[in-house]
Colleague: 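Please see the structure below; I have some questions.
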Number of protein chains: 2
Amino acid sequence: MLPNGFRVGGICSGIAKKNEKKDLALFVSDSPASAAGIFTKNVVKAAPVLIDIERLKKGDKFFGIIANSGCANACTGIEGEEDAKNMCLIVEKSFNFDRGSVLCASTGVIGQHLNISRGKLERSIDLLKSSIGISVESENDAVLAIMTTDTFVKKTDKKIKFENGEVKIWGCIKGAGMIHPNMCGLSTNLHATMLSFILTDAEIESETLQKVLENSSEKSFNCVSVDGDTSTNDTVIVLANGQSGTGKLSGSDLEKFEKVFDELALELAQSVAKDGEGATKFIEIEVRNTKTEIDAKLIASTIATSPLFKTAMFGADANWGRILAAAGRSGVMFNLSKVDIYIGGVQTFKNGKVLDFSEAEARKSLLKKEVKIVIDFKAGKENSKYYTCDFSYDYVKINGSYRS
Amino acid sequence: MLPNGFRVGGICSGIAKKNEKKDLALFVSDSPASAAGIFTKNVVKAAPVLIDIERLKKGDKFFGIIANSGCANACTGIEGEEDAKNMCLIVEKSFNFDRGSVLCASTGVIGQHLNISRGKLERSIDLLKSSIGISVESENDAVLAIMTTDTFVKKTDKKIKFENGEVKIWGCIKGAGMIHPNMCGLSTNLHATMLSFILTDAEIESETLQKVLENSSEKSFNCVSVDGDTSTNDTVIVLANGQSGTGKLSGSDLEKFEKVFDELALELAQSVAKDGEGATKFIEIEVRNTKTEIDAKLIASTIATSPLFKTAMFGADANWGRILAAAGRSGVMFNLSKVDIYIGGVQTFKNGKVLDFSEAEARKSLLKKEVKIVIDFKAGKENSKYYTCDFSYDYVKINGSYRS
């Protein structure tokens with residue numbers, strides 16, 4: 001269920017996809033909203049990413065997000081930036097929003113230009129304007145319009161009860177390939193194609209919202225990998241329009257909001273790994289008891305991106321040696337004689353030695369849709385979780401001919 | 001053709017492979033040889049790697065290398081180290097070589113122990129001793145006995161003419177998966193399963209030989225990737241027995257030797273990418289004109305390990321956007337508006353803009369067995385080349401069930 005004051009929708013415009021599928025989505029608030037965003041750290045940033053960073057740095061109040069799928073509008077030069085600005089401008093004009101108050105996002109093939117002939121974008125926005133709404137159908141249309149190789153609609157919502165009312169948060173996400181988000185805020189050097197839009201009727205300042213998003217992403221969006229390839233377009237935008245009527249969030253109320261926001265972000269991020277290109281199973285990698293959190297995350301992400309580990313998971317092969325080999329090349333130093341490994345609840349390795357475990361039992365657990373891998377270093381107190389999927393024939397099939 | 005004084009061979013011993021294929025190789029010199037070695041930097045190092053590092057640090061003269069395939073003897077604890085030492089000891093006893101003068105190497109499944117029952121290793125070494133020789137058949141037997149998923153014998157030799165005679169260099173290599181060598185010498189922190197053994201009758205001190213090998217590996221062994229997974233066992237060992245009779249190499253003679261050694265190392269390294277698991281084509285990635293050599297190598301290796309780039313290559317899809325996206329996530333900063341990209345001789349991108357190139361022509365070049373990718377940053381004068389292969393259905397097939 002959408003938060004108060006938001007309307008969303010999605011249509012087939014033909015500006016980015018050729019196959020008559022939905023390719024243009026709109027998310028609008030009927031009152032000005034605070035905004036926060038995190039973007040890809042890839043040196044090669046798509047036009048919409050550059051535009052959004054500029055707008056979020058300047059502005060404080062925003063009314064919406066226009067997003068397309070099928071064309072990434074990346075590596076498209078000045079012309080691409082003009083196209084992205086135009087998408088925003090036409091929405092602003094149509095709804096009579098302030099100039100610079102609409103954000104944008106794109107996903108799809110790199111290097112192609114949006115197919116915008118005279119008047120085509122205007123007609124598309126008109127159509128979008130008349131079709132947006134607050135129904136579940138509108139939600140689905142919006143999410144469908146940002147999907148590329150995704151196989152299902154990924155969205156979720158939460159409610160938070162306060163003494164004087166209720167705050168709603170709604171989020172959607174797309175992403176199946178070129179997924180290894182490495183995003184940060186506006187102050188530093190930025191890098192993903194994961195697109196996620198989160199809408200809430202909480203009242204919260206942009207600066208606070210940005211902190212909530214950045215903290216949250218380190219345990220959600222930035223902890224998911226399908227193929228290790230960080231996109232030129234990764235974008236997460238949050239809009240908060242304050243229409244819940246519960247007043248500005250602070251203190252313990254803000255903490256309560258943050259907790260639920262974190263849950264929503266994690267759910268969205270996990271859904272991307274579940275829908276990874278060609279994925280047959282979802283894999284959670286938990287690294288336990290390292291000296292630093294960075295160590296834990298580095299080891300977890302190295303395992304999550306190892307083609308040998310991921311193909312073994314596809315084959316339901318409890319090849320714990322590949323887990324160790326990946327950890328060993330992560331750049332983190334550790335004492336092998338302290339390491340324990342669990343594959344789907346079956347311990348295969350203890351204190352640096354292989355156990356006489358049941359291959360049949362391990363295989364059984366690896367044939368499930370969700371698999372958990374634990375590697376314990378017993379070297380400190382820091383932990384990290386990372387989410388990924390297996391590497392199948394279908395990944396090769398999908399990506400051997402993505403542009404054709 | 002083997003250098004003077006060396007004999008090699010390979011047999012089926014059953015200590016490491018179950019399928020009656022050759023699994024035990026021996027390389028011996030009939031006079032003491034200088035030795036050099038580089039080994040995996042993976043924190044998790046196989047038993048033979050640990051033994052070799054210790055021996056090369058202590059000793060100065062070596063007589064041979066005993067190597068097996070099928071079992072990596074990695075993550076096998078003290079017992080594994082005893083097995084590795086025993087392999088060496090039995091060779092030393094059998095040939096009456098000094099204790100500690102034989103090196104060892106293993107490749108195969110991690111975590112399994114060598115299948116050595118009482119007397120089995122002794123009988124195998126007896127058999128090996130009687131079968132080693134200098135013929136092409138002996139060379140082939142030795143290489144076959146170190147192969148795992150390799151599909152062809154990879155060996156080469158060179159001759160260098162000097163005023164007072166001729167020096168021969170012979171090298172072999174195995175490796176098809178878990179290939180992303182990151183090796184270094186003995187003085188620093190070490191990490192690969194690429195095995196390569198190089199034999200020469202040049203007269204050259206161990207210290208000099210080590211330098212020649214380390215310098216060479218930065219443009220050969222450490223510039224090849226099949227899947228980005230650095231093994232626990234990567235090993236390159238060079239033995240130089242001085243039997244050419246041309247005297248100790250120095251000055252311009254040493255330079256001449258180095259040049260030919262580099263050519264041989266590069267040829268061996270490239271052959272691994274050509275035989276990459278499931279590979280349908282060999283890919284050379286050349287990064288031109290970066291500010292530093294490290295920049296060039298980092299960009300080249302990021303492209304070479306990108307699953308999206310490698311699946312596009314499998315599909316003969318000139319998806320230059322994926323090349324740029326990988327470069328952009330490499331960690332190197334660059335100015336996109338200066339970048340040029342060539343795919344198989346077809347320029348697709350110039351000064352940050354896509355060209356109106358012929359997709360048909362690009363596809364034609366990508367259907368060849370050997371493909372060259374060039375990306376020019378026009379930011380400096382440093383260059384780097386990296387060698388890899390495409391990512392096919394067969395890679396997934398081979399690695400979905402490697403242990404079974």
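Order of the sequence lines fixes the chain letters, A, B, ..., with proteins taken first and strands second; residue numbering starts at 1 for each chain.
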Colleague: Count the heavy atoms belonging to other residues, nucleotides or ligands that lie under 6.0 Å from NZ of A/Lys368, then report whether that count exceeds 12.
Modeller: no

Colleague: Donor-acceptor check, side chain of B/Asn42 to backbone of A/Ala325, threshold 3.5 angstrom: yes or no?
Modeller: yes

Colleague: Counting only heavy atoms closer than 4.5 Å, note whether B/Val332 contacts chain A via side chain, backbone, both or neither.
Modeller: backbone

Colleague: For A/Phe314, is it the side chain, the backbone, both or neither that has a heavy atom under 4.5 Å from a heavy atom of chain B?
Modeller: side chain

Colleague: Among A/Leu336, A/Thr348, A/Val44, A/Leu308, which residue has the highest count of heavy-atom pairs closer than 4.5 Å to chain B?
Modeller: A/Leu308

Colleague: Does A/Ile110 reach the side chain of B/Arg322, with side-chain heavy atoms less than 4.5 Å apart?
Modeller: no

Colleague: Heavy-atom cut-off 4.5 Å, strictly under: side chain, backbone, both or neither for A/Leu324 against chain B?
Modeller: both

Colleague: For the residue pair A/Trp320 and B/Gly111, what are the closest heavy atoms and their distance?
Modeller: CH2-CA, 3.4 Å

Colleague: Hey, is NZ on A/Lys364 packed in by over 12 heavy atoms from elsewhere, all under 6.0 Å?
Modeller: no

Colleague: Would you name the heavy atoms of B/Val396 and A/Val396 that are closest together and state the gap between them?
Modeller: CG2-CG2, 3.9 Å

Colleague: For A/Ser392, is it the side chain, the backbone, both or neither that has a heavy atom under 4.5 Å from a heavy atom of chain B?
Modeller: backbone

Colleague: If you count the non-hydrogen atoms of other residues, nucleotides and ligands that lie under 6.0 Å from CG in B/Leu355, is the total more than 12?
Modeller: yes

Colleague: Shortest non-hydrogen contact from B/Val43 to A/Phe334?
Modeller: CG1-O, 3.6 Å

Colleague: Look at A/Gly77, A/Ala312, A/Cys75 and state which one has the largest set of heavy-atom pairs under 4.5 Å with chain B.
Modeller: A/Cys75

Colleague: Using a cut-off of under 4.5 Å on heavy-atom pairs, state which of A/Thr305, A/Asp227, A/Val354 scores highest against chain B.
Modeller: A/Asp227

Colleague: Is any side-chain heavy atom of A/Asn399 closer than 4.5 Å to a side-chain heavy atom of B/Phe309?
Modeller: no

Colleague: Between A/Arg329 and B/Thr230, what is the shortest heavy-atom contact and its length?
Modeller: CD-N, 3.1 Å

Colleague: What pair of heavy atoms forms the shortest contact from A/Pro307 to B/Phe391, and how long is it?
Modeller: CB-CZ, 3.8 Å

Colleague: How many angstroms lie between CD1 in A/Ile78 and OG in B/Ser337, if you round to the nearest 0.5 Å?
Modeller: 9.5 Å

